[in-house]
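Here the structure comes first, spelled out in C-alpha cells, and everything after it is commentary.
Because only heavy atoms are used, hydrogens play no part in the values below, and waters and symmetry mates are left out as well, while side chains stay in. Every chain is numbered from 1, with letters handed out A, B, ... down the list of sequences.
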Amino acid sequence: MPQNLNKTLRTLCEDIQESDIGKKFTFKGWVMHYRDHGGLIFIDLRDYSGILQIVFDENIDKESFKIAKKLKNEYVVSITGTVRKRPQGTENTGLKTGSIEIISESVDVLNTCEVLPFQIDEENDVNEFTRLKYRYLDLRSKRLKENLIFRSNFTYLIRDFLNNKGFFDIETPFLTKSTPEGSRDFLVPSRLNEGHFFALPQSPQLFKQILMVSGFERYYQIVRCFRDEDLRSDRQPEFTQLDMEMSFVETEDIISITEDLFALIFNKLLNIKLEKPFKVLDYDEAMDKYGSDKPDTRFELLINNLTDTFTNSALNVFKDNIQKGGVIKAICLPNGSNLLSRKDIDELLNIVKDFGAKGLAWTKVGENGLLEGGIAKFISDDEREKTVARLGAKNGDIIFYQSDSKKTAESVLGRLRLHLAKTYGLIPEGRFDILWVVNFPLFEYSEEEKKIVSVHHPFTSPAEKDLNKLENNPLSVKSDSYDLVLNGEEIGGGSIRIHDTKLQGKIFEILSISPEEAKAKFGFLLDALSFGAPPHGGIAFGVDRILMLLKNENSIREVIAFPKTQKAYCPLTDAPSVVKDIQLRELGIKLRETAGKNLKSE
RNA sequence: GGGGCUGUAGUUCAGACGGUUAGAACGCCGGCCUGUCACGCCGGAGGUCGCGGGUUCGAUCCCCGUCGGCCCCGCCA
C-alpha cells in the first residue's frame with residue numbers, strides 16, 4: 001500500500017524483492033538497529049513502508065564504512081547501494097525483506113538524533129506520561145503506527161461506502177451555542193461579543209437535523225465532538241464520531257445501512273464475516289437478563305428472576321423486599337465452588353457494595369442439586385428445586401442472589417456478571433459480538449432533578465404504538481431509538497427524530513420545559529422544523545471506541561495520535577496553560593481570586 | 001467530589017527492622033569483533049529515591065501534606 005512520492009530519487013524499503021537483485025537504489029529512512037561487527041556493519045533501515053537490512057563492508061566502500069561507524073539509533077540517512085541475496089543461512093524469516101540486503105556504496109547522514117528518552121518498540125511498558133511527552137517517538141513504534149494506519153483505512157472505507165450511497169459530507173460549526181442539556185460544555189469566549197461565549201459542540205445533533213430540513217436527505221461527517229467531563233480509558237474530552245442523518249427513513253433503514261457498513265469494515269479490515277441481520281435485543285430483555293443496556297453477549301452467566309419462587313421466603317430480607325415491590329434475582333457461576341475461596345466470596349461482598357448492593361446472598365450447589373452454605377438453610381425444598389431448575393445450576397456452581405428494587409438488583413448483578421467474567425476468564429478472546437438494543441424508554445425519572453428527563457435527547461421520537469400513552473403514562477412510552485453494542489461497549493446510537501412541532505411541544509411539556517425556555521434553548525431548531533421538515537432520523541458512532549475494540553486495545557489513547565492524560569492534560573504541548581493577562585483583557589475576562597491557585601508560570 | 005494502585009539511574013524494575021559505598025537489565029560512553037538481525041565480549045559514566053514538612057542521633061524507607069500518573073465510582077449522546 002505504501003507509495004513512493006519521488007520515484008527517481010528514492011525507493012521504499014519494502015518495495016525491494018528478490019527480482020531486484022543486482023540493481024542499484026537509494027533508500028531514505030531511520031536507523032532502527034545498529035550492529036557493528038568490526039569489519040562489517042549491519043543496520044536495519046526503517047521507512048514508512050517497512051524494514052530493510054543494509055550492509056557496510058570496508059572492502060566494498062571505504063567511505064560508506066567510515067560514515068557508518070558513526071551512525072547511531074534513529075539517525076536519518078540516505079543510502080545508495082546494490083541489492084544482493086543474503087548468504088545462505090543468514091536469511092531473516094521475520095522480515096518481509098529478509099532474504100535480501102543492500103550493500104552500501106554511499107551514505108549520507110541527513111540528520112542525527114539525541115539519545116532517546118525511551119527505546120522505541122521496547123517490549124517493556126514505558127510510563128504513559130513519558131510516551132505522551134515524546135509522542136512523536138512513541139508513534140514510530142510498530143504498534144501505534146499500525147493503529148493509526150488502521151484508523152486511516154477505517155475512515156477511508158467509511159467515506160467511500162457512504163459517498164457511494166449518496167451521502168454528503170457536510171461540515172458543521174465548532175463555535176456554536178451552549179446548550180444546558182447533556183454534558184458540560186467547553187466554552188470559548190467571544191472577543192467581538194464581550195461577555196458572550198461559544199460552546200464547542202457535544203455533537204452536531206441540531207445541525208444535522210437542520211440539514212435534513214434543508215433537503216440534503218443524506219448527511220454524514222467524521223467529526224470531533226467535545227464534552228467537558230471526567231476521563232476514562234474509553235473517554236477523552238475530544239473524541240471523534242461518525243455522524244449520520246437521513247430523511248424519509250425508518251428505523252429499519254438505518255439499521256440496514258449500518259449493518260452493511262459494519263459488515264464491510266469487518267470484512268475488509270479484519271477479514272471477519274459478520275452475520276446479517278445482527279442480533280436485536282429489547283431494552284427490557286437486556287436489563288432483565290444482562291442487567292445492562294449494553295450487554296456483553298460473549299458469555300452466558302445470565303440473570304434470572306426468582307421473585308415468584310421466594311414470595312414466602314423464610315428470609316425476611318427476601319420476603320419484605322418482595323412485599324415492597326422488589327425482586328429477587330440471581331446469577332449462577334459455573335464451577336464457582338472451585339474457583340472461589342470463602343475469602344473470595346467475602347471480598348465479593350465489598351465489591352457489590354460498591355455497585356450499590358445492600359448485601360450479597362449466595363449458596364453453593366452440591367450433589368443432586370442440594371444447596372449448601374450461605375443462605376441455604378433458609379431455602380425450602382420447593383424453593384431450592386425451582387431455583388436450581390431455573391438457573392440450570394449444577395454440582396460445584398455458586399449462585400449469587402440480589403434482593404432489591406428491580407433497577408438496583410439488575411444493575412448490581414449486571415456488574416457482578418462482568419466482574420466475575422473478567423476475573424475468571426469467561427470472556428472468549430478474539431471474538432466480536434455485535435448487536436442492537438432497541439425499544440428504550442423515551443423518558444426516565446431523575447431523582448436528582450426531581451423531574452422527567454429524556455433518556456436519549458428531547459428530539460427522539462416516541463414509538464408510534466405508544467403515542468396514546470404520552471398523556472397519561474409518559475414513563476411507559478418507548479422511543480424509536482437504537483443502540484449498537486460491540487462486546488459490551490456501546491459503540492453507536494441514534495433515533496428517529498420528531499419532525500412535528502406539535503409533538504415536539506408536547507414532549508417539552510412532559511419534560512417541564514416551558515415554551516419560552518424551549519425557544520431560548522432550541523428556538524432555531526424548532527423554527528426549522530416548522531418549515532416543512534421531512535421525517536428523518538440518524539445515528540452516531542464512537543470512532544475511537546470502535547477502533548479500540550477492533551485493535552484489541554485497552555484504551556482509546558492507543559488509537560488517537562495525540563491523546564490527553566486522565567486530567568485532560570497534554571504532556572507534549574503542555575496544554576492547557578495560563579495565558580497572558582492582555583489576552584484575558586481583550587476578552588473582558590477576569591479570573592476569580594480562587595481560580596488556579598497553583599498556576600504554572602508562563 | 002470519592003475509592004484503589006502507583007512515583008527509586010535515560011527506560012523497565014529490584015531493594016533495605018530506619019544505619020555508613022542504593023543494585024540489575026536494557027540504553028548511553030570507550031574499546032574489541034566479517035554474517036549479525038534484541039549481535040556478542042571487555043571496561044566505564046550515570047541517582048535531589050516526585051516535591052514539601054514532621055518524627056528521629058540518622059529518613060529513599062515511618063507519619064502528614066502536596067503534585068503527577070493509571071484504573072474505577074460519581075459525571076458523560
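Closest to the side chain of F42(A), from the set rU34(B), rG35(B), rC70(B), is rG35(B). For Y569(A), taking side-chain heavy atoms from C-beta onward, the closest of the listed nucleotides rG69(B), rU12(B), rU36(B) is rG69(B). In this structure, of rG35(B), rC39(B), rC72(B), it is rC39(B) that holds the atom nearest to the side chain of H33(A). Among the nucleotides rG35(B), rC33(B), rG1(B), the one closest to any side-chain atom of K69(A) is rC33(B).
Remark: T90(A) is not in phosphate contact with rC37(B), judged by side-chain N or O atoms under 4.0 Å from OP1 or OP2. Taking 4.0 angstrom as the limit, T565(A) places a side-chain polar atom (N or O) nearer than this to OP1 or OP2 of rG69(B).
Rounding to whole angstrom units, CG of residue L137(A) and P of rU11(B) are separated by 13 Å. One atom, CZ of R232(A), and another, C1' of rC73(B), lie 6 Å apart when rounded to the nearest Å. Residue N59(A) contributes atom CG, which lies 14 Å from atom P of rC33(B) at whole-angstrom precision. Here the P atom of nucleotide rC33(B) and the OH atom of Y34(A) are 13 Å apart, to the nearest Å. As a whole-Å value, the separation of E114(A) CD from rC28(B) C1' is 12 Å.
Separating the C1' atom of rC64(B) from that of rU55(B) is a span of 10 Å, rounded to the nearest Å. Rounded to the nearest Å, the gap between the C1' atom of rU60(B) and that of rA14(B) is 14 Å.
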TODO: Test ring pair (Phe, Tyr, Trp, His ring centres under 6.0 Å) on Y34(A) and Y75(A) and set out the steps.
DONE: CA-CA 10 Å; Y34(A) 180 85; Y75(A) 273 30; 9.0 Å; no

- [ ] Take F278(A) and Y482(A), measure what ring pair (Phe, Tyr, Trp, His ring centres under 6.0 Å) needs, and give me the verdict at the end.
- [x] CA-CA 12 Å; F278(A) 299 170; Y482(A) 28 82; over 10 Å; no

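For R235(A) and E229(A), the salt-bridge test fails: no basic side-chain N is under 4.0 Å from an acidic carboxylate O. For the pair K294(A) and E489(A), the salt-bridge criterion is not met [side-chain N within less than 4.0 Å of a carboxylate O]. Between K142(A) and D121(A) there is no salt bridge, since none of the side-chain N atoms of the basic residue sits less than 4.0 Å from a carboxylate O of the acidic one.
No side-chain donor-acceptor contact under 3.5 Å links Q236(A) and D544(A). Remark: the S99(A) side chain and the E18(A) side chain contain an N/O donor-acceptor pair separated by less than 3.5 Å. Using modelled atom types, one finds a donor on one side chain and an acceptor on the other under 3.5 Å when comparing Y569(A) with D574(A).
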Could you go through nucleotides 3-10 of chain B and list every protein N or O atom that sits under 3.5 Å from one of its N or O atoms, giving the distance for each pair?
| unit_1 | atom_1 | unit_2 | atom_2 | d |
| --- | --- | --- | --- | --- |
| rG10(B) | O2' | P117(A) | O | 2.6 |

Task: Under 4.0 Å protein heavy-atom contacts per nucleotide of nucleotides 45-52 of chain B, with B for base, S for backbone only and - for none - done: --------

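Not one N or O on the side chain of T176(A) forms a donor-acceptor pair closer than 3.5 Å with the backbone of P173(A).
Contact of R235(A) with rC75(B) (side chain to base): a donor-acceptor pair of N or O atoms is detected under 3.5 Å.
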